[in-house]
Colleague: 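First, the structure itself, so that you have it in front of you.
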There are 2 protein chains.
Amino acid sequence: MDRKFRCDCPITSALDMLGDKWMLVIIKQMLMEDKLTFKDFTESDEAIATNILSAKLKLLEEIGLLTKAKLPNNKKTNLYLLTEKGLSLTPIIVELAKWSDSYLRDLNPSIRNGEGMVLLRNDKAAFADALESAYREKLAGMVFVKS
Amino acid sequence: MDRKFRCDCPITSALDMLGDKWMLVIIKQMLMEDKLTFKDFTESDEAIATNILSAKLKLLEEIGLLTKAKLPNNKKTNLYLLTEKGLSLTPIIVELAKWSDSYLRDLNPSIRNGEGMVLLRNDKAAFADALESAYREKLAGMVFVKS
DNA sequence: GAGTATAACTTGCAAAATGCAAGTGATTTT
DNA sequence: AAAATCACTTGCATTTTGCAAGTTATACTC
């Protein structure tokens, strides 16, 4: 029994799993930025170090938020794919985006303000659904072997 | 210029502020557990150390998520109160609760499963509104002096 | 009003998480 | 066969978190 959880509060328990610098960033990259392979993650804007990435991917797999897979004809490259449990973090990520859009621009003026923000502002549930659907469809159109 | 933000992604920027073990836990305690004073926080289930608490409260104030106040007849006790910017984190906290309720019970079976969960499951927006209203009303019924 | 208790901290040090740079071994490409 | 790529690991520096003990100002008690 390793004491992973601080107490019986659902919110604190979620943060015991997700409350750090990287876990939700990695999930976001999978969901919204087409990151699939170890290399993909290392090339992101956030510039995660490979040792941290390795540790966090392992953790995310243990928790059940992602699974590893391979393409049928490639023994080298790993694919990291969101599970249902991982995909279900979408609403949290969307709320983070919305809060940033509304309240964080004065602290970080460089925050992107593109096309996609319009739907987020008008209908965040639709925005979340669109993200989830797009991800599911990507998986549906892919041939891979779970490892 | 201190490099607080990793990049121009809204989600990553939110996590640059909130992505640690304590920031959202403290906000939650204010919003849902009537924590008002330094002492209140030290007595919570999560058992935060006083040095960490002190540092995080300072940070939360700098970011503008809370303000300090005092009761008119008491020069000793500080009150820590959520600002609008802080209160607007409610939807994020609610989504964390909902995710925990749905997906984290097998990893932490001790997660509370009380009365309040029913509304959360049925209508999370109503749940969030109820939390925000209750907090606003508490403030409205209080006499304090902002410091 | 003197002594005790309380609130809100700070300080010093230990432990854990994060970060950087370099290296390794198994594929895959040329 | 050699070179490049991918998915890591290792060693070490830095930062964050955690524990226990102290400090100061205010408030309460007799």
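Proteins get letters first, then strands, A, B, ... in listed order; numbering begins at 1 in each.
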Colleague: Name every donor-acceptor pair, under 3.5 Å, that has one atom in a side chain of residues 9-16 of chain A and the other anywhere in the protein, sequence neighbours excluded.
Modeller:
residue: A:Thr12; atom: OG1; partner: B:Lys28; partner atom: NZ; Å: 3.2
residue: A:Thr12; atom: OG1; partner: B:Glu46; partner atom: OE2; Å: 2.4
residue: A:Ser13; atom: OG; partner: A:Cys9; partner atom: O; Å: 2.8
residue: A:Ser13; atom: OG; partner: B:Asn108; partner atom: ND2; Å: 2.9
residue: A:Asp16; atom: OD1; partner: A:Arg6; partner atom: NE; Å: 2.5
residue: A:Asp16; atom: OD1; partner: A:Arg6; partner atom: NH2; Å: 2.9
residue: A:Asp16; atom: OD2; partner: A:Arg6; partner atom: N; Å: 2.9

Colleague: Which atom pairs, donor and acceptor, lie under 3.5 Å between side-chain atoms of residues 65-73 of chain B and protein residues at least two apart or in another chain?
Modeller:
residue: B:Lys70; atom: NZ; partner: B:Lys75; partner atom: O; Å: 3.1
residue: B:Lys70; atom: NZ; partner: B:Asn78; partner atom: OD1; Å: 2.7

Colleague: Using whole Å, what does the distance between atom P of nucleotide C:dA16 and atom NZ of A:Lys4 come to?
Modeller: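 Value for this atom pair: 17 Å.
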
Colleague: Let me check something: do A:Ile111 and A:Val118 share a hydrophobic cluster, defined by ILVMFWY side-chain heavy atoms less than 4.5 Å apart, either directly or through other members?
Modeller: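 Each belongs to a different hydrophobic cluster.
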
Colleague: Check the distance between C:dC9's P and B:Ile52's CD1 and give it to me in whole angstrom.
Modeller: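 Computing the B:Ile52:CD1 to C:dC9:P distance gives 15 Å.
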
Colleague: Does anything in residues 15-34 of chain A reach DNA chain C, meaning a heavy atom under 4.0 Å, and if so which residues?
Modeller: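 Contacts with DNA chain C under 4.0 Å: A:Asp20, A:Lys21, A:Trp22.
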
Colleague: Between the side chains of B:Glu62 and B:Lys58, is the shortest nitrogen-to-carboxylate-oxygen separation below 4.0 Å, so that they form an ion pair?
Modeller: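 Salt bridge between B:Lys58 and B:Glu62, a charged N being under 4.0 Å from a carboxylate O: no.
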
Colleague: Return a table of donor-acceptor pairs under 3.5 angstrom between the side chains of residues 48-55 of chain B and protein atoms on other chains or two or more places apart.
Modeller:
none

Colleague: Treat primed atoms plus P, OP1 and OP2 as sugar-phosphate and everything else as base, then score nucleotides 1-14 of chain D 5' to 3': B for base contact with protein heavy atoms under 4.0 Å, S for sugar-phosphate contact only, - for none.
Modeller: ----BSSBBBB---

Colleague: Students often get this wrong, so: under 4.0 angstrom with heavy atoms, is A:Lys56 touching a base, only sugar-phosphate, or nothing?
Modeller: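 Here A:Lys56 touches the backbone only, sparing every base.
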
Colleague: Parallel, tilted or perpendicular: which one describes the rings of A:Tyr80 and A:Phe41, with boundaries at 30° and 60°?
Modeller: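 Rings of A:Tyr80 and A:Phe41: perpendicular, over 60°.
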
Colleague: Whole angstroms only, please: what is the NZ-P distance between A:Lys70 and C:dT28?
Modeller: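 Distance, rounded to whole Å: 8 Å.
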
Colleague: Does anything in residues 135-147 of chain B form a salt bridge (Lys or Arg N to Asp or Glu O under 4.0 Å)? List the pairs, not counting sequence neighbours.
Modeller: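 Of all non-adjacent pairs touching residues 135-147 of chain B, those that pass salt bridge (Lys or Arg N to Asp or Glu O under 4.0 Å) are B:Asp34-B:Lys138, B:Glu84-B:Arg136, B:Glu132-B:Arg136.
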
Colleague: Between atom CG in B:Leu53 and atom P in C:dA8, what is the gap in whole Å?
Modeller: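 Roughly 9 Å, once rounded to whole Å.
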
Colleague: Quick one: does B:Phe127's side chain get under 4.5 Å of B:Lys98's, heavy atoms only?
Modeller: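 They are not in contact (no side-chain heavy atoms under 4.5 Å apart), so the answer is no.
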
